[in-house]
Amino acid sequence: MQAALFPADPGGQRKEVRVLGSELVESYTVYIIQVTVGSHQWTVKHRYSDFHELQEKLTAEKRIDRNLLPPKKIIGKNSKSLVEKRQKDLEVYLQTLLTTFPVAAPKVLSHFLHFHLYEIDGITAALAEELFHRGEQLLLAGEVFSIRPLQLFAVTQQLRQGRPTCATGDAKTDLGHVLDFTCRLKYLKITGTRGLVGTSNIEEHLLPFDLSVFKSLHHIEINDCDVEHIKGLTSSKQTLATLSARYSAMSMKDILVPEATEFDQWEPEGATLEYPLTAVIPKWKSLTTLDMSHNRISHIDDSVRLTPKIEFLDLSHNEILQIENLQHLYNLIHLDLSYNKLAALEGAHTRLGNIKTLNLAGNLLESLTGLSKLYSLVTLDLSNNKIQQIDEIKNIGSLPCLEKVSLTNNPLTIFPDYRTKVLAQFWDRASEVCLDNTITTEKELDTVEVLKAIQKAKECKNKLNSSSRKNGEDPRLSATSSKTSCSSLTVRRPSSPSLPCPVSSSQVITCSAAALATSVSFPSSSAPTQDAVAPGCCEGIESESGRKGEQVENEELRHLMWSSVVFYKTPDVEVTACVLLSTKALYFLLDDRVALFNEHQLDFWKQKSADGQSSSFHLSHCFVLKLNDLQSVNVGLFDQYFRFAGPAAGHIVTCLTRDSYCTHAFLQHLMSVLSLLARTPSPEPAEKDFYSEFGTKNTGKMENYELVHSSRVKFTYPNEEEIGDLTFIVTEKMDCLAKHQPLNILLYVLAFQVAPLDGTTQASACLQPKTLLLTSSGLFLFNEDYISYPLPEFAKEPPKKDKYQFMDGRRIRDLDRVLMGYQTYPQALTFVFDDVQNQDLMQSLTLNHFGEALPSQQRTPRDYRAVDREVQWCIFIPSADCRERLISLLARQWEILCGRELPLELTG
């Protein structure tokens with residue numbers, strides 16, 4: 001069908017309309033209309049009823065002939081012949097309407113043909129009417145006004161045509177409303193699209209438009225618009241404070257100096273001119289924030305000289321290869337160069353001045369040498385780079401103001417003790433640095449102190465060796481003779497009473513850092529026995545054979561941990577110890593309270609002096625277990641403790657960490673050290689600890705898990721039988737509850753029951769080690785034999801007592817409240833139960849659940865006191881994580897059983 005052509009309007013835009021065809025949608029026919037105005041073309045779809053509605057409105061408003069539209073058909077309206085005839089008639093109808101209104105179409109016709117979406121007059125009229133109603137309100141509210149490039153293109157074209165500002169005669173659509181609004185607008189956002197707009201052939205990001213109509217802009221944001229088609233942006237140089245241009249530019253000059261395409265040479269105003277120039281370009285006098293992220297900028301050109309007041313500069317997600325020309329930005333404080341192609345930072349301090357925040361994430365950096373003199377830097381993001389060496393952190397470790405550092409997703413983060421090694425590079429400021437958005441913990445600071453002391457000792461030794469070589473001396477003799485002059489390593493006792501021994505928080509254990517770092521002496525190659533335990537001062541950590549001159553070279557300290565320690569031969573005595581893991585051995589620095597041992601238990605701790613007299617005890621005693629003699633490691637339930645086992649009873653040591661995190665971290669380091677000894681990759685489990693899955697199971701069972709390390713050390717984790725035995729003991733006397741609901745073990749934790757402290761009770765007896773068990777129905781206390789179980793390989797018969805001795809149990813539904821506050825131990829929790837008829841779950845419990853019930857008078861007395869028919873348990877849980885988890889799980893179960901929130905009371 002021949003297209004209908006109409007004379008060009010005064011603006012020079014020729015309009016065409018065609019009905020291309022039709023399509024059946026459900027039970028009615030839709031006609032496809034193609035509209036062309038100038039070079040822009042789009043399609044519109046309407047059914048016959050839409051034409052009829054248009055005709056009714058035009059007849060009422062413009063007095064159009066009612067018979068101009070083809071009549072309706074009731075029968076056979078979707079027949080092929082009728083549709084084809086109606087298609088021709090409707091095209092003639094639209095041609096007639098456009099002939100009737102050659103300059104400006106009525107509003108109803110404009111919307112019918114989508115002139116308000118794609119045609120210049122329709123777009124400007126719609127925008128003018130919107131601003132007539134809302135413009136003043138938007139200006140008073142100071143809101144950001146969003147506009148599309150197509151709308152700006154329409155306004156620009158209409159201004160160029162020199163036509164009346166109100167072609168339709170409707171005052172609401174007068175272009176003057178748009179111009180008045182743009183003159184006063186302060187906050188503008190222009191958002192384009194990539195690809196075609198709607199059903200048209202218009203590519204919005206390629207449309208030219210002029211921004212000179214905006215006279216008062218303070219903030220402008222441009223997205224998806226090619227800046228080479230934008231004119232008039234520089235007219236806002238005097239007022240613009242924030243400029244953002246994303247997905248729009250190939251270079252910074254395209255935005256900051258569009259005049260650069262017209263002149264070969266230019267200089268910013270105020271510059272000293274040494275030779276003739278073709279142009280002097282005014283500066284952006286008010287611009288303080290510039291965002292050119294997500295573009296295709298390959299270098300920072302000299303156009304930044306025109307923005308001397310820039311404080312915030314964002315050039316992220318570009319293709320920048322090096323830092324340059326930023327020395328012209330004297331006020332620059334925050335710089336974002338993330339996700340570019342930076343591979344080197346040499347001389348960065350000469351270009352960045354007083355920078356405070358620097359984002360270099362997502363680049364190709366391997367070295368940090370260019371950052372060593374950024375003395376004002378506070379925040380630094382280096383995540384997602386290629387930094388492999390811890391030593392690179394030295395370049396930023398001395399920066400005096402640095403507080404936040406991010407190194408996530410760099411190769412160095414896979415190193416053991418990555419955090420503490422990095423923090424150690426900051427020396428005395430380690431506590432002030434927040435690494436990877438995680439605040440430094442006291443435990444990490446203790447480890448940092450150790451690493452710092454070791455580093456100082458190494459530096460001391462290197463200086464001594466250097467001095468000895470100059471003097472022609474043997475360095476080994478020099479190092480030995482100067483052992484007492486080396487800086488000391490101080491391992492601070494945890495400030496919280498997380499260990500049972502009543503040692504004051506000020507007590508410290510001191511040993512020679514030089515000895516730990518370079519010259520730790522070991523027992524002879526024979527397996528260590530009781531006699532291999534080295535008493536005396538920990539300085540040098542020497543055994544008898546060590547004092548004879550045997551030394552091991554290249555030994556390094558890998559991990560340090562405070563823990564309670566129990567030896568297999570003295571299962572009733574729990575001793576505070578500092579556990580040191582080196583690349584050769586395990587060291588247990590034992591607290592001076594080992595004097596609590598009786599005489600025959602102390603025999604293997606004593607040593608004879610040269611004159612044959614017993615020497616007095618020093619501050620600490622050291623027990624050494626060489627890693628070559630380590631045969632197996634048994635891990636307790638939920639990582640609450642673990643046991644080292646050698647070839648004999650004197651080589652079995654149990655560490656009661658009472659903290660799953662400490663246990664998991666120590667075992668990971670132990671596996672890493674064993675892997676070094678075996679020279680093969682470590683087969684340790686994934687980052688998620690093995691027991692974390694147990695809390696999500698309802699069966700209370702766990703699969704057997706046994707790991708044989710490449711060094712042939714066997715790591716054994718509890719199997720389903722151990723969980724089953726514990727569940728059986730708990731449920732044995734709870735038949736009445738088991739009938740109503742299944743019993744699930746929710747939490748297992750090693751804790752202490754706090755006994756009342758009177759004048760006759762010593763502080764050491766105040767804490768009574770217990771195993772606390774939380775099930776879906778109750779709370780239970782055990783005395784657990786974690787020393788003898790599982791049976792070591794050399795054992796010929798089981799011990800005389802069961803592993804679990806059930807001491808007390810209470811139903812959750814009988815819990816009245818939980819007290820938290822300042823008691824003998826501030827972290828202790830007091831559970832207050834209602835003593836329902838003075839009965840508990842231990843009424844007929846025996847130590848041997850297969851034996852006869854004990855008489856009531858022989859039952860173990862409870863560790864609580866009843867006042868006014870109340871029972872109180874005062875429980876101290878060293879691990880904060882376990883403590884919070886217990887409260888959370890208990891509160892959930894209490895709410896399920898009792899239908900209300902668990903009362904938690906803070907006591908002073």
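Hydrogens, waters and symmetry mates are skipped; everything else that's a heavy atom, side chains included, is used.
Other residues, nucleotides and ligands contribute more than 12 heavy atoms inside 6.0 Å of the NZ atom of Lys237. Surrounding CZ of Arg296 are at most 12 heavy atoms belonging to other residues, nucleotides or ligands under 6.0 Å away. In Asn354, the CG atom is not crowded: 12 or fewer heavy atoms of neighbouring residues, nucleotides or ligands sit closer than 6.0 Å.
Here the CG atom belonging to Asn331 is positioned 12.5 Å from the CG atom belonging to Leu313, to the nearest 0.5 angstrom. If you take CG on Leu109 and CD on Gln55, they are separated by 11.0 Å, rounding to the nearest 0.5 Å. Summarising the geometry, atom CZ belonging to Arg246 is positioned 13.5 Å from atom SG belonging to Cys225; distances are rounded to the nearest 0.5 Å.
Sorted by first and then second residue, the pairs that involve residues 305-318 and meet salt bridge (Lys or Arg N to Asp or Glu O under 4.0 Å), not counting sequence neighbours, are Glu267-Arg305, Asp302-Arg305.
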Determine whether Phe153 and Gln157 satisfy the following criterion, side chain to side chain contact (heavy atoms under 4.5 Å, CB included), listing intermediate values before the conclusion. CA-CA 6 Å; Phe153 167 76; Gln157 292 300 313; 3.5 Å; yes

| request: Evaluate side chain to side chain contact (heavy atoms under 4.5 Å, CB included) for Leu97 paired with Leu54, printing each intermediate quantity in order. | output: CA-CA 11 Å; Leu97 291 179; Leu54 171 65; 4.1 Å; yes

query = Which is it for Val35 and His114 under the side chain to side chain contact (heavy atoms under 4.5 Å, CB included) test, yes or no, and what are the steps along the way?
reply = CA-CA 9 Å; Val35 184; His114 288 187; over 6 Å; no

Val304 vs Ile310, test: side chain to side chain contact (heavy atoms under 4.5 Å, CB included). Steps then yes/no. CA-CA 9 Å; Val304 296; Ile310 288 292; over 6 Å; no

Query raised in the report: Run the salt bridge (charged side-chain N to carboxylate O under 4.0 Å, His left out) check on Asp210 and Lys231 step by step: do they pass?
Result: CA-CA 5 Å; Asp210 194 340; Lys231 306 296 181 183; over 6 Å; no

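If you look at Tyr48 and Tyr28, their ring centroids are not closer than 6.0 Å. In this structure, Tyr118 has its ring center at least 6.0 angstrom away from the ring center of His40.
A search for side-chain hydrogen bond (donor to acceptor under 3.5 Å, both in side chains) contacts involving Thr36 returns Gln41, not counting sequence neighbours. Considering only residues two or more places apart in sequence or on other chains, Leu127 meets the side-chain contact (heavy atoms from CB on, under 4.5 Å) condition with Glu130, Leu131, Phe145, Ile147, Gln151, Val155, Val178.
Asn409 and Asn384 form a side-chain donor-acceptor contact under 3.5 Å, judged by distance and modelled atom types alone. Using modelled atom types and a 3.5 Å distance limit, the side chains of Ser251 and Asp254 yield a donor-acceptor pair. Inspection of the Tyr339 and His317 side chains reveals no N or O donor paired with an N or O acceptor under 3.5 Å. Side chains of Thr438 and Asp436: a donor-acceptor N/O pair is absent below 3.5 angstrom, by distance only. With no hydrogens or angles considered, no side-chain donor-acceptor pair links Glu91 and Gln87 at under 3.5 Å.
Salt bridge annotation for Lys88-Glu84: absent, with no cationic side-chain nitrogen under 4.0 angstrom from a carboxylate oxygen. Salt bridge annotation for Lys107-Glu129: present, with a cationic side-chain nitrogen under 4.0 angstrom from a carboxylate oxygen.
In this pair, Tyr187 and His219 present their aromatic rings tilted. The plane angle is within the 30 to 60° band.
Judged purely by atom type and a 3.5 angstrom limit, Asn395 has no side-chain atom pairing as donor or acceptor with the backbone of Ser367.
Test Leu290, Asn359, Ile323, Leu337 against Leu315 for side chain to side chain contact (heavy atoms under 4.5 Å, CB included) and you get one pass: Leu337.
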